[in-house]
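Note that the coordinates shown come from a computational prediction; the quantities given were computed from them, not determined experimentally. Labels below follow one simple rule: chain letters A, B, ... track the order of the sequence lines, proteins then strands, and each chain is numbered from 1.
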There are 4 protein chains.
Amino acid sequence: MAGKGRPRSESTEKAILNSAHTLVADHGFQAVTIEGIAKHAGVSKATIYKWWPNKAAVVADSFFKTLKEQYPVPDTGSVIEDLVIQISNLSTFLASDEGRIIRELIAEGQSDSDVAEAYQSRYFSPRREVSRTILERGVERGEMKSGLNLELCVEMIYAPLFYRLLITGEGIDEAFLRNVVSCVLKGLGAL
Amino acid sequence: MAGKGRPRSESTEKAILNSAHTLVADHGFQAVTIEGIAKHAGVSKATIYKWWPNKAAVVADSFFKTLKEQYPVPDTGSVIEDLVIQISNLSTFLASDEGRIIRELIAEGQSDSDVAEAYQSRYFSPRREVSRTILERGVERGEMKSGLNLELCVEMIYAPLFYRLLITGEGIDEAFLRNVVSCVLKGLGAL
Amino acid sequence: MAGKGRPRSESTEKAILNSAHTLVADHGFQAVTIEGIAKHAGVSKATIYKWWPNKAAVVADSFFKTLKEQYPVPDTGSVIEDLVIQISNLSTFLASDEGRIIRELIAEGQSDSDVAEAYQSRYFSPRREVSRTILERGVERGEMKSGLNLELCVEMIYAPLFYRLLITGEGIDEAFLRNVVSCVLKGLGAL
Amino acid sequence: MAGKGRPRSESTEKAILNSAHTLVADHGFQAVTIEGIAKHAGVSKATIYKWWPNKAAVVADSFFKTLKEQYPVPDTGSVIEDLVIQISNLSTFLASDEGRIIRELIAEGQSDSDVAEAYQSRYFSPRREVSRTILERGVERGEMKSGLNLELCVEMIYAPLFYRLLITGEGIDEAFLRNVVSCVLKGLGAL
DNA sequence: AGATAAGCGAGACGGTACGTCTTGTCTTCTT
DNA sequence: AAGAAGACAAGACGTACCGTCTCGCTTATCT
């Protein structure tokens, strides 16, 4: 734990991430430049390049570090209700101005696997885990049959959300989500 | 109404689109530049800008014009089989090197609505229409109940495909597609 | 002389050379940057780099193109007078603010042989030639003996000038120059 | 009053000067950086900046401290021979790889008066003093007339050397130096 | 001995310029 | 007109040094 040399400045790091976040939220990922982030943060470009390899990495970091804590896992006693609440929260966020960032990160992830890895592990995995927990709780409670392919179940519930967000751009309302959830549970024979 | 002056050169347009396609296929969307396309096509940059507003437009055009004709609509007599065949063809293509282009166009579409509009109307709509036809044929045949929300049905069948392609990057095999299709049809009460 | 493509803009070139000259005259060679020249000239950096390889080349060009015509070759009938007049003019210029530029170019020339070549051929050679002409005229006139090593003569007359300018920094007055010229002519047995 | 605190490390100073000298000898003044010297010497940049104001100061110091002792003052009994020997030694050194450093320092001196002052007082003055001594000895010996302007004499002997080194780049041989020396002595009426 | 003070290596940092690259527009000549 | 050639302004790229700044450690002198 040598710790030689001047230690990294926390305030600088924060300034960079805050600036990145602000700028991307205001102008979109494409329009933001490292140079712009540096200027906005009152920081040297070299300092940014020292700690992050490229714009996507800074923005990803800024996004994930700034993220508010997750919503609490809903627990109404009904699997369908719980799932609808959770996914509804998620989709509200993803459709928001703030959420535009992650849509743009997903876009970036198509050609930068580091970014893809980042949103997978830092964003989606934890959220999928919550859905899984809800499902497992339903099985324990006897509300749902056991022996289901829960992975597939989660996947099919999340998929239409992203399909609308990324491909068709259609709006997402609770009725749609409710339809999706009940269709998947019925279709997999859970109910 | 021919118009005065020298007419637009067809060979030039072809050269541009071919070059765009080749270069994107070889190096990826991000790495390709208008300048590169112009050089590769032996064409002036200004000529490209005259007919397309930006790189994405050229690449989109090159992609859709180069596209081979669609597979014939499958007709085995079974809705599930037909759907699985169709989606399987689609997913095979999307997962291929060639298909990487459309994944990158989807990425680009997150911040360029013209591109989004383009792949919607020129690529996905026709394919969704095929699926819809298959479903309608099933209803006519009495294989499926009538009165279903076919839009939702198509959406839920396509969604997991793109979810894997764009978000998780997981591979797609026929078993997965078969699961998805039967789950959706069952879930919506079609069978 | 094909002349394809947009021709090089004369006004741009002039703006660059003028800016380079102004800035170097005002702030010195070291303090001037390509970026600064570009900004001052209202020109893109790339345009400068397109036509000159580096700062020294631009400055050298700007210096030599801006140079007023030479003083007329003096012709008083006396070799000594003529030489003193010519060298005096030269040294007055070299010691001036304007002349600081060429002193700095000579400095640059120590590590950039292109620059060295430039001031040799574009500045000093023509001036040495004038001195040589004066000497030759003296020989023709019978004022000086023939058979002298004129090269050496010119060299020894110019040398003390640069010695003071570059090494000792001492001022140069007419008396000094007169001493030098008469010493050299006497020393080489010209008189 | 030795002073409190850890004393300046001699080995560090030596390492810095040695590195500066080596690097400048190998790559030239322009290509050398403080950062490079620090790295090569295994020393902190801040330590260099603590004791020297800039690169030129370090290099000047390194050059003058590393300098071998001067050649002994020649004493053949002939002023011309002594002068030729001395100047020949000097010019051989200045034309060498090692001597390139001082040429580059002279260049630097055009825009940094501290450097100019340094080579004046630490390098050229002592050498001019030697020439002066030779001349005075000649006067004492009766080999030369007295009442001469010795300053001018020394100046005119040194000048052609530097003129060739710095301006024309021409080589310097003994014959040339002999010509110069005898011309000057004759020209000033010393002989 | 303990306190005090400076020297020093390591390395972060803001700043500035580098030289390159691409964009989108323009000007000229050719077809 | 259409188009190739290519100049151009604009501005970001990622790199390199500059000179300054913490750090923590070392090495002395002075209580």
Side-chain angles (χ1 to χ4, degrees), chain A residues 2-13 15 31-39 41-51 53-55, chain B residues 2-9 11-13 32-36 38-39 41-51 53-55, chain C residues 1-13 31-39 41-51 53-55, chain D residues 1-13 16 32-39 41-51 53-55:
Chain A
K4 274 201 209 171
R6 179 175 175 177
R8 178 169 181 185
S9 155
E10 275 184 54
S11 64
T12 292
E13 188 182 355
V32 169
T33 63
I34 292 270
E35 207 139 77
I37 296 171
K39 185 162 285 178
V43 142
S44 168
K45 261 202 294 179
T47 301
I48 299 183
Y49 281 112
K50 173 131 215 215
W51 303 106
N54 53 48
K55 181 175 66 161
Chain B
K4 263 197 237 177
R6 180 174 168 181
R8 178 171 180 183
S9 155
S11 64
T12 293
E13 188 183 355
V32 169
T33 64
I34 292 270
E35 211 142 66
K39 182 162 286 178
V43 142
S44 166
K45 261 201 299 177
T47 303
I48 299 183
Y49 281 112
K50 174 139 210 208
W51 303 107
N54 52 47
K55 179 175 69 162
Chain C
M1 70 103 10
K4 271 201 212 172
R6 179 175 173 177
R8 178 170 182 182
S9 157
E10 275 183 55
S11 64
T12 292
E13 187 182 355
V32 169
T33 63
I34 293 270
E35 207 141 77
I37 296 170
K39 184 161 286 178
V43 143
S44 167
K45 263 202 293 179
T47 301
I48 299 184
Y49 281 112
K50 171 130 215 213
W51 302 107
N54 53 48
K55 179 176 67 162
Chain D
M1 61 116 349
K4 262 199 240 181
R6 179 174 172 178
R8 179 172 180 182
S9 155
E10 275 184 53
S11 65
T12 292
E13 188 184 355
I16 293 168
V32 170
T33 64
I34 292 270
E35 210 141 72
I37 296 171
K39 182 163 286 178
V43 143
S44 167
K45 262 202 295 178
T47 303
I48 298 183
Y49 281 113
K50 174 134 210 214
W51 305 108
N54 53 48
K55 179 176 68 162

In whole angstroms, the gap separating P of dA9(F) from CD1 of Ile37(C) amounts to 14 Å

Comparing Ala41(B) with Arg6(D), nearest DNA chain F nucleotide closer to 5' gives the residue Ala41(B)

Hits for side-chain hydrogen bond (donor to acceptor under 3.5 Å, both in side chains) against Lys45(C), two or more places apart or cross-chain, chain-then-number order -> Glu35(C)

Tyr49(A) atom OH is separated from dT16(E) atom P, nearest whole Å, by 18 Å

Between dA9(F) and Thr47(C), is there an OP1 or OP2 to side-chain N/O distance shorter than 4.0 Å? yes

Those residues at least two apart in sequence (or on a different chain) that pass side-chain hydrogen bond (donor to acceptor under 3.5 Å, both in side chains) with Thr47(B) are none

task = Using a cut-off of strictly less than 4.0 Å, decide whether Thr12(B) has a side-chain nitrogen or oxygen near OP1 or OP2 of dA4(F).
result = yes

Lys55(A) NZ to dG14(F) P, in whole Å, measures 10 Å

In terms of heavy-atom contacts, Ala38(C) and Ser44(C) come closest through CB-C, 4.3 Å

Between Asn54(C) and Ile34(C), the two heavy atoms sitting closest are C-CD1, 4.2 Å

note: Lys39(D), atom NZ; dG11(E), atom C1'; distance rounded to Å ~ 11 Å

Trp51(A) atom CH2 is separated from dG14(F) atom P, nearest whole Å, by 18 Å

To the nearest angstrom, the CD-C1' distance between Glu35(B) and dT23(E) comes to 8 Å

**OP:** Check if the side chain of Thr33(C) and the base of dA17(E) share a donor-acceptor pair of N or O atoms closer than 3.5 Å.
**Re:** no

Ile34(B) CD1 to dA4(F) P, in whole Å, measures 14 Å

Between Gly42(D) and Asn54(C), the residue closer to the 5' end of DNA chain E by nearest nucleotide is Gly42(D)

Rounded to whole Å, CD1 of Ile48(B) lies from C1' of dT23(E) at a distance of 12 Å

On DNA chain F, more 5' by nearest nucleotide between Ala46(B) and Pro53(A) is Ala46(B)

Regarding dA10(F), can its base be found pairing with the side chain of Ser44(C) as donor and acceptor, where the two atoms are less than 3.5 Å apart? yes

Notebook entry, point to check: When only distance counts, do a donor and an acceptor, one from the side chain of Lys45(D) and one from the base of dG19(F), lie under 3.5 Å apart?
Noted result: yes

